[in-house]
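Structure, as structure tokens:
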Amino acid sequence: MKPSIVLYKKLPADLHQRLEEHFSIVEFDGINEGNRAKVFDALQQAEGLIGSGGAVNKELLDHAPRLRGVSTISVGYDNFDVDELTRREIPLMHTPTVLTDTVADTVMALVLSTARRVVNVAERVKAGEWTSNIGADWFGVDVHHKTIGIIGMGRIGMALAQRAHFGFDMPVLYNARSQHKAAEERFGAKKCELDELLAKSDFVCVLLPLTDQTFHTIGKEQLAKMKSSAILISAGRGPVIDEKALIAALKDGTIHAAGMDVFETEPLPKDSPLLSLPNVVALPHIGSATHETRYGMAACAVDNLIAALTGDVKENCVNPQVLNK
């Protein structure tokens with residue numbers, strides 16, 4: 001008899017079939033208040049859980065006594081209680097490598113679109129405002145040769161540094177817990193304290209995951225240390241940025257502009273001031289949202305769950321300490 005698993009995100013047909021070859025699937029459209037009781041009931045027999053979105057916490061895990069593996073279709077895992085999973089010796093699998101280049105492309109798109117005011121001027125053209133040669137009120141600022149500061153030099157940070165250095169001849173500063181010699185050797189990157197990075201960078205790109213330590217890493221004090229001409233790019237997790245402080249800084253000219261793919265509340269509330277500020281480019285958390293990458297993430301997550309439930313995990317485990325117990 002095949003092990004039972006709970007799937008809570010729709011998969012492409014071929015990947016669904018691959019799961020069916022190994023498991024008996026109980027499928028849900030997300031985990032929410034409307035189906036929570038049915039999900040909990042299905043979890044009583046489930047040995048595996050795969051999907052994305054929603055909280056996988058102690059309450060949910062208490063309804064899953066047979067669970068042996070969890071696989072998220074994402075690189076981030078801040079909605080999972082990793083400590084509780086580890087205590088129960090359940091491996092949590094994620095997809096850290098599949099989306100690196102795609103997210104780095106998105107971050108670079110935010111750099112370019114905020115600097116050159118792409119969204120704002122495109123809307124003005126569509127509104128019929130382009131009636132003669134454009135004046136200075138249409139101008140943006142250059143990207144090439146400007147200094148980029150990367151906060152969080154992981155895989156995506158490295159891919160962004162590559163694009164900035166080779167594509168736009170940008171000096172690269174970075175702030176991270178450890179030194180990244182590869183970034184320094186390949187891209188001439190310089191490791192520096194956060195205050196120095198903020199003071200010297202023309203583009204400050206925040207790529208941090210959300211933890212207790214990274215919450216509101218960028219707030220009023222940090223924004224005040226940036227150049228008034230600087231642009232902030234937020235593409236890690238929304239709560240890393242204090243949005244109220246950012247809105248104030250954008251309104252009073254503390255910084256020049258912001259490009260954002262992540263927010264403290266998602267979807268972004270319709271009454272958010274960020275939506276009415278002309279110096280903000282706001283995207284709907286599309287960092288990895290291409291057909292190719294989302295398929296690759298789902299395929300990786302499927303393989304991850306199979307590996308977890310067959311005892312063949314070699315990579316992509318958030319809490320590898322549970323594997324040898």
For the hydrophobic clusters of this structure (ILVMFWY residues joined by side-chain heavy atoms under 4.5 Å, transitively), does one cluster hold both [X] and [Y]?
X	Y	result
Phe80	Val313	no
Val302	Leu49	no
Phe166	Met158	yes
Leu246	Val280	yes
Met108	Val204	no

Compare all side-chain heavy atoms of [X] with those of [Y] and state whether any distance is below 4.5 angstrom.
X	Y	answer
Val6	Ile50	no
Arg66	Gln45	yes
Asp78	Pro209	no
Phe263	His285	no
Leu274	Leu250	yes
Tyr295	Pro12	yes
Thr97	Arg155	yes
Ser229	Val141	no

For [X] and [Y], does a side-chain donor sit closer than 3.5 Å to a side-chain acceptor?
X	Y	answer
Asn57	Asp81	no
Ser288	Arg294	yes
Asp252	Thr254	yes
Gln222	His216	no

Just checking [X]: does its [atom1] atom have more than 12 heavy atoms from other residues, nucleotides or ligands closer to it than 6.0 angstrom?
X	atom1	result
Asn79	CG	yes
Arg88	CZ	yes
Lys146	NZ	yes
Lys10	NZ	no
Glu193	CD	no

Any idea which heavy atoms bring [X] and [Y] closest together, and the distance?
X	Y	answer
Arg117	Asp137	NH1-O, 2.7 Å
Ser201	Gly149	OG-CA, 3.3 Å
Val322	Ile90	CG2-C, 4.1 Å
Lys190	Lys200	NZ-NZ, 3.9 Å
Val262	Ser234	CG2-OG, 3.4 Å
Val75	Pro96	CG2-CA, 3.4 Å

Practice item. Could you go through the side-chain contact (heavy atoms from CB on, under 4.5 Å) check for Val26 and Ile5 one step at a time? Key: CA-CA 6 Å; Val26 182; Ile5 67 166; over 6 Å; no
Exercise for review: Could you check Thr293 against Met297 for side-chain contact (heavy atoms from CB on, under 4.5 Å), going step by step and ending with a plain yes or no?
Suggested key: CA-CA 6 Å; Thr293 294; Met297 292 168 65; 4.0 Å; yes
Is there a donor-acceptor pair closer than 3.5 Å between any side-chain N or O of [X] and the backbone N or O of [Y]?
X	Y	answer
Ser272	Pro269	no
Thr211	Thr214	yes
Arg68	Glu47	no
Asn279	His256	yes
Tyr174	Gln179	no
Thr86	Val82	yes
Asn304	Ser71	no

**Study point:** Positive for side-chain contact (heavy atoms from CB on, under 4.5 Å) with Val111, one of Ile231, Val281, Thr106, Ile233
**Key:**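 Output: one option passes, namely Ile233.
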Exercise for review: Please name the residue in the list Val240, Ile151, Leu160 that meets the side-chain contact (heavy atoms from CB on, under 4.5 Å) test with Leu207.
Suggested key: Leu160
Review point. Under 30°, 30 to 60°, or over 60°: which ring-plane class applies to His63 and Phe40, parallel, tilted or perpendicular?
Key: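 Parallel: the ring planes of His63 and Phe40 meet at under 30°.
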Before accepting this row, confirm whether a basic side-chain N of the pair [X]/[Y] lies closer than 4.0 Å to the acidic partner's carboxylate O.
X	Y	value
Lys220	Asp242	no
Glu123	Lys126	no
Arg116	Asp142	no
Glu84	Lys58	no
Lys9	Asp29	no

Exercise for review: For His22 and Lys2, run side-chain contact (heavy atoms from CB on, under 4.5 Å): C-alpha distance rounded to whole Å, both residues' side-chain angles, the deciding distance at 0.1 Å, then the answer.
Suggested key: CA-CA 6 Å; His22 295 267; Lys2 295 178 181 178; over 6 Å; no
Mind checking the [atom1]-[atom2] spacing from [X] to [Y]? Nearest 0.5 Å is all I need.
X	Y	atom1	atom2	result
Tyr8	Ile73	OH	CD1	8.0 Å
Leu110	Leu232	CG	CG	10.5 Å
Ile247	Lys244	CD1	NZ	9.0 Å
Ile218	Leu194	CD1	CG	5.0 Å
Glu292	Thr290	CD	OG1	4.5 Å
Arg186	Gln162	CZ	CD	5.5 Å

Exercise for review: Tell me whether the centres of the aromatic rings in His94 and Tyr77 are closer together than 6.0 Å.
Suggested key: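 Yes.
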Exercise for review: Establish, yes or no, whether the cationic atom of Arg124 lies under 6.0 Å from the six-membered ring centre of Trp138 and within 45° of the ring axis.
Suggested key: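 Yes, Arg124 sits over the ring of Trp138.
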**Study point:** side-chain contact (heavy atoms from CB on, under 4.5 Å) between Asp202 and Ile148, intermediate numbers included
**Key:** CA-CA 6 Å; Asp202 298 297; Ile148 189 168; over 6 Å; no
